[in-house]
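Letters go in sequence order (proteins before strands), and every chain restarts at 1. Both backbone and side-chain heavy atoms feed into the values below; hydrogens, waters and symmetry mates do not.
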Amino acid sequence: MVTFELNIWFYTGCTLTIIGSLATVWGPGVKDPIVRTLNTEIPSVGISLMLLTYNHTLALLTFVATSVVISLILLRAITRLEEIGAEV
Amino acid sequence: MLVPEFVPQIFCSLYLPAIYTGFIVGFVGLVGIAINKSDIHVLILTDIVGLAMLIVVGAVGTDLAEALILPGLVVELAEILAISEILISREMRKKGKSSSLLPTPYVFDMEVMTTAPNFLSLLLIGYGIFLTGFTGGVVAGGGILLYVLSRKAKGLPIVLIDGIGAISGIAWCLWIVGFLLFFITPDLWLLSLFLAACGLLLKVASKMGLIGTLMREEFKRE
């Protein structure tokens, strides 16, 4: 019988979330807001794994949808600011 | 430890690591906000703090925690949308240039937009009303969105848009009354369940319809 090890998913999620948040704040190249926005995807994956461990199906589905929409909004906001000529 | 018996044992053992992860992520995000000066960078970092909030709520591991994550996500989305619009409009005033939401004008030239929007949106709205609740609201709202976007020729009058907003407010009250009845008179659980479900249906559907009305201004742009 194959046992399903829950802790692996949970601790991978925790690690990804912490590393991803550090990468978003102090990671290489985060002076560029687009790089910073893309780095926020790493903690998003971590949180998805944690929600998966907790069996929060609806929350997981909604989280995946909203994180995509949030990164779209942020990317468009950055490009709009650059179109206007503001400092980002 | 004061834990209700319906919380699985494994979630109890995962609680402390999850809470510590949440606090570490929240602390890192707040430090990042404190040392950054640029507004857009701060906005991106509030996303990280929102994720920390999700972990702290989700670590409880019950159905109530899952139910509390959903409004948190939606509020975070609305907040980021609103703040980014405020930032952009402020910069537009400073620089005297303008920039619209969509980079290029969208012209949909699909056959389904002219031949079958009535039927398809009726089907979606009917199925959404049958489902009720959050899911039903999304399905019915998708039907309204399809109808509004495909009828590009004439615009809805302002009174109607305000009316949709009013429906949304009344539906919110239904939802709150339903929730209150759950606690005051648990005997009427069926009535309160339906009040909450139908309120949420109207609320979500009218919100999606409102998005359609607002977005159509963008779609009409040549």
Answer key: most heavy-atom pairs under 4.5 Å with chain A among Ala18(B), Ser38(B), Gly29(B) is Ala18(B)

So which residue, Lys97(B), Lys94(B), Glu76(B), ends up with the most heavy-atom pairs under 4.5 Å with chain A? Lys97(B)

Using side-chain heavy atoms (C-beta onward) and a distance below 4.5 Å, is [X] in contact with [Y]?
| X | Y | answer |
| --- | --- | --- |
| Val25(A) | Val31(B) | no |
| Ile18(A) | Thr21(B) | yes |
| Leu51(A) | Ile69(B) | yes |
| Val30(A) | His41(B) | no |

Going by an N to O cut-off under 4.0 Å, is there a salt bridge joining Glu85(B) and Arg80(A)? yes

I need the minimum non-hydrogen distance between [X] and [Y], along with the two atoms involved.
| X | Y | value |
| --- | --- | --- |
| Val28(B) | Ser21(A) | CG1-O, 3.7 Å |
| Ala65(B) | His56(A) | CB-CE1, 4.5 Å |
| Pro17(B) | Tyr11(A) | CG-OH, 3.5 Å |

Structural part of [X] lying under 4.5 Å from a heavy atom of chain A:
| X | value |
| --- | --- |
| Thr62(B) | backbone |
| Leu51(B) | both |
| Ala67(B) | neither |
| Leu81(B) | both |
| Ala59(B) | both |
| Asp63(B) | neither |
| Ile88(B) | both |
| Ile44(B) | both |
| Ile35(B) | side chain |
| Leu68(B) | neither |
| Ile24(B) | side chain |

Can you check side chain to side chain contact (heavy atoms under 4.5 Å, CB included) on Leu14(B) and Met50(A), steps first, answer last? CA-CA 10 Å; Leu14(B) 294 181; Met50(A) 288 173 86; over 6 Å; no

Look up atom [atom1] in [X] and atom [atom2] in [Y], then write down how far apart they are to the nearest 0.5 Å.
| X | Y | atom1 | atom2 | result |
| --- | --- | --- | --- | --- |
| Thr17(A) | Ile55(B) | OG1 | CD1 | 5.0 Å |
| Leu70(B) | Thr62(A) | CG | OG1 | 4.5 Å |
| Ile47(A) | Leu54(B) | CD1 | CG | 5.5 Å |
| Phe63(A) | Leu73(B) | CZ | CG | 7.0 Å |
| Asp47(B) | Thr24(A) | CG | OG1 | 8.5 Å |
| Arg76(A) | Ser84(B) | CZ | OG | 11.0 Å |

Tell me, side chain or backbone of Thr53(A) under 4.5 Å from chain B's heavy atoms, or both, or neither? both

Chain B: which of Ile73(A), Asn7(A), Ile78(A) shares the most heavy-atom pairs with it under 4.5 Å?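 Option with the greatest count: Ile73(A).
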
Could you check whether any side-chain N or O of Glu91(B) sits under 3.5 Å from a backbone N or O of Ile84(A), counting only pairs where one atom can act as donor and the other as acceptor? no

